[in-house]
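A short write-up of the structure that comes next.
Order of the sequence lines fixes the chain letters, A, B, ..., with proteins taken first and strands second; residue numbering starts at 1 for each chain.
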There are 2 protein chains.
Amino acid sequence: MDLTPRQAEILAFIRRHCVEHGLPPTRAEIVTAFDFRSPTAADDHLRALARKGAIELRPGVSRGIRVLEPEDPPEAANDGVPLVGRVAAGLPMLATESVEGWYKLDRRMFAAEPDFLLRVQGWSMRDAGILPGDLLAVQRRATARNGEIVVARIGDEVTVKRFERRGDLVRLLAANPDFAPIRIDLSREELVIEGRVVGLVRNGGFGIS
Amino acid sequence: MDLTPRQAEILAFIRRHCVEHGLPPTRAEIVTAFDFRSPTAADDHLRALARKGAIELRPGVSRGIRVLEPEDPPEAANDGVPLVGRVAAGLPMLATESVEGWYKLDRRMFAAEPDFLLRVQGWSMRDAGILPGDLLAVQRRATARNGEIVVARIGDEVTVKRFERRGDLVRLLAANPDFAPIRIDLSREELVIEGRVVGLVRNGGFGIS
DNA sequence: TCGAATACTGTATGTGCATACAGTTATTCG
DNA sequence: CGAATAACTGTATGCACATACAGTATTCGA
């Protein structure tokens, strides 16, 4: 549900108050800021905002207001790369819907500078040491060379495979005998290369709870 | 003026509280967190912190605590973590002889904060997706829990294995059927745990020249 | 035309919280 | 040694705040 203009004003005030004073406002402070005559006016707005999921209210706690979506964009500037989780069908790779977070990477750590991180799903690259849950550092590229591991899109599906091309015939090879190669005839079918894998980061699977 | 260890603890708690709950703590909440018996204990610390310029107190305002230096050091002091290559026989893990470089890591990317990176040699952990040339993010720890993947030293050799202990018998398990488990009887032999693996970074093996 | 929101006014009530006052026990320092 | 500081215990007091109850006016979709 969308916020009314007035509710958006209140929410903006709460955000501003948090930044300027380091803590959320009280009902009374909202009353003063908007020149209300009753604390209930402020309280009504808070309840409306909470009902619509914009804030969280903690009963009995002074200043117990928490803004749930801190900012519109996570920080437009380029101080990190986005982590892309499940890619929603039909959407571009970096659609905000799919971005789970932003991470700063030391680019020297990878073979080339990555543009985003992609979470691996499935076991198809198991024998290349790429396991489900791993994060792949991906560099955006529309083309690929033989032998590179690429992020490709076939129809609505995003897949990670080793790239092999002979003339017009492309083969996307899994690194797992349980998965058959995918063959694409470029003269008849379309293949979109989203990028090439330049690094891998793993943060689970080491037996740590 | 410098903070006492106790004051630093209080300050750390205030910071953590702000991040986790979105607002500063009350005196009572500090009392609960530190198991004090009197609100004055919390208040004394707040006044000391304010006097030393670490925080700002706003009289008469509930939760009127503002941390003046939001970050510890914004990014300074932390040059990153060292990359340890081949560990020279007999030398401590982090001897300068073995350090090949320093890398800055986004610590949120791993299960726990790593202290150094170690380059993997050999195929013994192949089936855990840990391949030769990979960099393991290692947290220094003298002890380990069952199931954790650890960096251990046996005599002069450093090895990475999965840790299993039953009483005095420790088994270091490879993730590759070609490698037999290493058995150590703690009552007769010594086993030094150098740390536990909390993450993995790979920068090669993707077919990029 | 009637209910359901939105957007308020006005008054109360009780507790969440900051804060003052009075001590105690170590530790440090000139 | 005596004074200052750190690190507390224990008890009070009263404003700061969240919150309930009772209305009013306006808009808007069914």
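Rounding to the nearest 0.5 Å places OG1 of A:Thr32 at 10.0 Å from CD1 of A:Ile30. Considering CE of A:Met109 and CG of A:Leu200, their distance stands at 11.0 Å, rounded to 0.5 Å.
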Next on the checklist: One pair to check against side chain to side chain contact (heavy atoms under 4.5 Å, CB included): B:Leu46 and B:Arg27. What are the steps and the verdict?
Outcome noted: CA-CA 9 Å; B:Leu46 291 179; B:Arg27 272 73 169 167; 3.5 Å; yes

Next on the checklist: Is there a side chain to side chain contact (heavy atoms under 4.5 Å, CB included) between A:Ile184 and A:Ile154? Walk through the geometry before answering.
Outcome noted: CA-CA 9 Å; A:Ile184 296 134; A:Ile154 307 168; 4.1 Å; yes

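Using a 4.0 Å cut-off between charged side-chain N and carboxylate O, A:Asp115 and A:Arg140 make no salt bridge.
The NE2 atom of A:His45 sits 9 Å away from the P atom of C:dT6 (whole-angstrom rounding). Remark: P of D:dC21 and CG of A:Asp43 are 12 Å apart, rounded to the nearest angstrom. Distance CZ (B:Phe34) to P (D:dC8): 9 Å, rounded to an integer number of Å. In this entry the distance linking CZ of A:Phe36 with C1' of C:dA7 reads 8 Å, nearest Å. In this structure, A:Arg6 atom CZ and D:dT27 atom C1' are separated by 16 Å, rounded to whole Å. With rounding to whole Å, B:Ile30 atom CD1 is found 12 Å from C:dC17 atom P. The distance between atom CZ of A:Arg47 and atom P of D:dT19, rounded to the nearest whole Å, is 6 Å. Atom C1' of nucleotide D:dT5 and atom CZ of B:Arg51 are separated by 8 Å, given to the nearest angstrom.
Among the heavy atoms of the strands, none lies under 4.0 Å from B:Ala28. Base engagement by B:Pro39 is indicated by at least one non-hydrogen atom pair under 4.0 Å involving a base atom. Heavy atoms of B:Thr26 sit under 4.0 angstrom from primed sugar atoms or phosphate atoms, though from no base atom.
The main-chain N or O of A:Ser62 is found under 3.5 Å from a side-chain atom of B:Arg63 such that the two form a donor-acceptor pair.
Two residues, B:Ala48 and B:Gly60, neighbour DNA chain D, and the one matched to the more 5' nucleotide by heavy-atom proximity is B:Ala48. Each of B:Thr40 and B:Ser62 lies near DNA chain C, and the nucleotide nearest B:Ser62 is the one positioned closer to the 5' end.
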Checklist outcome for this item: Under a 4.0 Å heavy-atom criterion, the protein footprint on nucleotides 25-30 of chain C, written with B, S and -, is ------

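Nearest nucleotide to the A:Arg27 side chain, out of C:dT6, D:dA18, D:dT9: D:dA18. When the nucleotides D:dT9, D:dT19, C:dA18 are ranked by their closest atom to the side chain of B:Arg63, C:dA18 comes out on top.
Ring-plane geometry between A:Phe34 and A:Phe13 is classed as perpendicular, the angle between the planes exceeding 60 degrees on a 0 to 90 degree scale with a lower cut at 30.
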